Structure formats: structure tokens, C-alpha cells
J.: 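The structure that follows is given in the form of C-alpha cells.
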Amino acid sequence: MAAASLPSRLVKGQLPSKLCRTCGRPFEYRHKWRNCWDEVMYCSERCRRNKPTAEPETAAPRG
């Protein structure tokens, strides 16, 4: 479970943080993410909607 990776008591100023996969900015743990912190990858809804897409593989030129 995700809660196992977090300390039992979180103190303001000592919260875990991650880097957003879209904008690269650091963001800190929020109480609403307590059950899914390991799955959180984006700092905001805007970054989640604008997440980077994988580059499509270029097909060999037909010739």
C-alpha cells in the first residue's frame, strides 16, 4: 500500500516532494494524495492534461 512508504507522522517543512513529469517543477505531498502518493506524477490538473506524449516511431521511407 502507498501509505507504507510514508512516515507515520508528516510535519510541515519535512514533506516528501517529487518532480512534475510535464513542467519539471518540484511539488510537495498533499493530504488529498495520502492514499495514492506513489502514483502521483503531475503537479496539477493542467500538467496532467498536457502530459508529454511519446515520440511516434518514424516509419522507414517508402521508395
Side-chain angles (χ1 to χ4, degrees):
M1 176 142 268
S5 64
L6 295 173
S8 61
R9 179 86 172 143
L10 294 174
V11 180
K12 206 173 210 179
Q14 297 177 350
L15 299 174
S17 64
K18 292 183 178 183
L19 293 177
C20 178
R21 289 195 177 178
T22 301
C23 65
R25 294 180 179 159
F27 63 97
E28 289 186 345
Y29 172 88
R30 291 184 180 180
H31 188 260
K32 68 180 183 178
W33 292 330
R34 69 185 173 273
N35 295 327
C36 60
W37 176 243
D38 293 334
E39 301 164 9
V40 175
M41 295 180 285
Y42 306 102
C43 64
S44 64
E45 183 67 25
R46 182 178 181 180
C47 281
R48 188 185 65 80
R49 281 192 306 254
N50 297 322
K51 58 187 165 188
T53 56
E55 291 291 325
E57 292 185 27
T58 56
R62 294 182 188 176

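Not measured: the values here are computed from a predicted model.
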J.: Mind checking the CD-NZ spacing from E28 to K12? Nearest 0.5 Å is all I need.
T.: 9.5 Å
J.: Can you measure from OH (Y42) to CG (L19) and round to the nearest 0.5 angstrom?
T.: 13.5 Å
J.: To the nearest 0.5 angstrom, please state how far the CZ atom of F27 sits from the SG atom of C43.
T.: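 Answer rounded to 0.5 Å: 6.5 Å.
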J.: Can you measure from SG (C36) to CE (M41) and round to the nearest 0.5 angstrom?
T.: 10.5 Å
J.: As an exercise, state the distance from SG of C47 to CZ of R25, rounded to the nearest 0.5 Å.
T.: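 Output value for this atom pair is 7.5 Å.
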J.: Ignoring hydrogens, what is the shortest heavy-atom contact between T22 and N50? Give both atom names and the distance.
T.: CG2-O, 3.6 Å
J.: So, does K18 use its side chain to make a donor-acceptor pair with the main chain of V40 at under 3.5 Å?
T.: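 Side chain of K18 to backbone of V40, a donor-acceptor pair under 3.5 Å: yes, one is there.
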